[in-house]
Amino acid sequence: AEEFINLIVSNGYCISQIRYSKRNNSSIFLIEPRYQEDISDKLKSRIFYHITKKDNLENIKRTGLRPRQGKYKTQSKNNHFITYREFDDRVFLIAEPKSHQDLKNILAQTIVDKQYGKDEYCILKLDLRKSKFEIPIYKDTVSKSKYAVYTIYPIYSKCIINVYNDIDEI
């Protein structure tokens with residue numbers, strides 16, 4: 001197994017997700033390039049959204065959003081699958097969709113996926129044009145949403161143009 005992982009990493013890829021089936025006692029590995037294609041020039045807008053726990057908000061207002069390594073585990077409703085996801089330093093964002101209703105639907109699904117309670121999260125609206133530097137944006141190929149993107153660069157707090165405590169405020 002270690003040789004397999006070394007081969008993947010040495011060729012610029014990473015194991016970004018492992019899905020384990022309890023029923024079949026088998027695993028599926030999702031392998032993706034360590035860094036995806038920069039899609040910044042394909043985006044119509046530099047407005048993005050980021051969902052975080054309310055406990056993080058004061059620190060984010062002070063220091064901005066910093067890329068972090070992440071790991072999480074989810075379990076399917078019927079308890080047959082366990083999914084592990086691990087990724088390098090990233091800040092996950094939601095690109096601005098075409099319609100207001102699409103935005104609400106995407107945010108609602110993200111909140112469910114993160115398993116946040118109603119009073120646990122807040123939504124940051126970001127304008128990356130306010131950054132001193134061009135921030136490259138990459139497509140999150142693991143996510144099912146076509147609006148799921150990320151960056152590997154910090155986002156300064158001055159890029160936060162609004163904070164919402166609930167989807168209905170948007």
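Reckoned from all heavy atoms, side chains included, excluding hydrogens, waters and symmetry mates. These numbers come from a predicted model, not from an experiment.
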message: As a quick check of understanding, evaluate side chain to side chain contact (heavy atoms under 4.5 Å, CB included) for V91 and F48, giving each step before the final call.
response: CA-CA 11 Å; V91 175; F48 297 91; over 6 Å; no
field: Partners passing ring pair (Phe, Tyr, Trp, His ring centres under 6.0 Å) against Y153 (at least two apart in sequence or in another chain)
entry: none
query: How about K53: does its NZ atom have over 12 heavy atoms from other parts shown lying under 6.0 Å from it?
result: no
message: With side-chain contact (heavy atoms from CB on, under 4.5 Å) as the test, pick out the partner of P67 among I155, T151, D89.
response: D89
- prompt: Which value, rounded to the nearest 0.5 Å, describes the distance between I160 atom CD1 and L57 atom CG?
  reply: 7.0 Å
- prompt: Roughly how far apart are I8 CD1 and I31 CD1, rounded to 0.5 Å?
  reply: 3.5 Å
For residues 59-66, tabulate all N or O donor-acceptor pairs below 3.5 Å that involve a side-chain atom, not counting sequence neighbours.
residue, atom, partner, partner atom, Å
N59, OD1, R62, NH2, 3.2
T63, OG1, N59, O, 2.9

For N25, all residues meeting side-chain hydrogen bond (donor to acceptor under 3.5 Å, both in side chains), sequence neighbours excluded: Y20
- request: Could you tell me whether the side chain of K42 reaches within less than 4.5 Å of the side chain of K139, counting heavy atoms only?
  value: no
- prompt: Quick one: salt bridge (charged side-chain N to carboxylate O under 4.0 Å, His left out) pairs with a partner in residues 120-129, sequence neighbours left out?
  reply: D127-R129
message: Quick check for you: to the nearest 0.5 Å, what is the distance between R46 atom CZ and L126 atom CG?
response: 11.0 Å
- request: Evaluate the criterion side-chain hydrogen bond (donor to acceptor under 3.5 Å, both in side chains) for residue pair Q101 and N105; output intermediate values, then yes/no.
  value: CA-CA 6 Å; Q101 190 56 50; N105 292 343; 3.0 Å; yes
query: If you link I, L, V, M, F, W and Y whenever their side-chain heavy atoms are under 4.5 Å apart, who else ends up in the same group as V112?
result: none
field: Residues in side-chain hydrogen bond (donor to acceptor under 3.5 Å, both in side chains) contact with S40, at least two apart in sequence or another chain
entry: D38
- prompt: Between Y138 and P136, which heavy-atom pair has the shortest distance, and what is it?
  reply: OH-CB, 3.7 Å
message: Applying side-chain hydrogen bond (donor to acceptor under 3.5 Å, both in side chains), can you list everything that pairs with E169, at least two apart in sequence or on another chain?
response: none
message: Going by salt bridge (Lys or Arg N to Asp or Glu O under 4.0 Å), name the residues that satisfy it together with K98, two or more places apart in sequence or in a different chain.
response: none
task: Please name all residues satisfying side-chain hydrogen bond (donor to acceptor under 3.5 Å, both in side chains) with T52, sequence neighbours left out, ordered by chain then number.
output: N56
- prompt: Rounded to the nearest 0.5 Å, how far apart are CD1 of I152 and CD1 of I135?
  reply: 11.5 Å
statement: For I170, the other hydrophobic cluster members (4.5 Å side-chain criterion, sorted by chain and number) are I47, Y49, I51, I94, L103, I106, L107, I111, Y116, Y121, I123, Y147, I161, Y164, I167
- line: Here the salt bridge (charged side-chain N to carboxylate O under 4.0 Å, His left out) pairs for residues 145-166, sequence neighbours left out, are K118-D166
field: Same apolar cluster: L124 and Y156, side chain cutoff 4.5 Å
entry: no
- line: D102 meets the salt bridge (Lys or Arg N to Asp or Glu O under 4.0 Å) criterion, sequence neighbours left out, with none
